Amino acid sequence: RQVIRRGLQDALVSLSPPRPPSLPFLGNFLPTPPKVDEIPLPILLPSATDGGTPTVGLLTIREFTDKIAPKLNRDEELYALGLSDAAAEFFGEDVAQFVRGEGLISAK
């Protein structure tokens, strides 16, 4: 879950277009571009019944992320941190970083 949320957040930051520069004496005459995670996109959603046809829904990337990887409550978050600590103990720090969802897209 955390892998999806953090990886998608890193991707959104890297895909966001820069703000257009303002011209002296004219100010900002160009509108600011919308944030990438606020643009609704057509996303294929599974059907509510088994064997049904999938549907297309308009969701923002943030809404889609919340559906496929919902936020954890406090107990679930503590459990996930414990799992990442156990992964660090048994498999090394690289595996623990992967379990925590750190550094998936950004290069070191």
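Numbering starts at 1 and runs along the sequence shown. Atoms considered below: every heavy atom in the structure, side chains included; atoms not considered: hydrogens, waters and symmetry mates. What you see is a predicted model; the values in this text were computed from it and never measured.
Residues forming a side chain to side chain contact (heavy atoms under 4.5 Å, CB included) with Pro46 (at least two apart in sequence, or on another chain): none. Judged as a side chain to side chain contact (heavy atoms under 4.5 Å, CB included), and not counting sequence neighbours, the contacts of Asp75 are Asn73. Listed by chain and number, the residues in a salt bridge (charged side-chain N to carboxylate O under 4.0 Å, His left out) with Glu93 are Arg100 (sequence neighbours excluded).
Between Pro40 and Leu58, the shortest heavy-atom contact is CB-CB, 4.5 Å. Across all their heavy atoms, Val56 and Pro42 have their closest contact at CG1-CB, 3.8 Å. The two residues Val95 and Ala87 have their closest heavy-atom pair at CG1-CB, 4.2 Å.
Separating the OG1 atom in Thr55 from the CD1 atom in Ile43 is a distance of 11.0 Å, to the nearest 0.5 Å. Note that CZ of Phe64 is 10.0 Å distant from CG of Leu41, once rounded to the nearest 0.5 Å.
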Show your reasoning for whether side-chain contact (heavy atoms from CB on, under 4.5 Å) applies to Leu45 and Leu59.
-> CA-CA 10 Å; Leu45 302 172; Leu59 298 172; 4.0 Å; yes
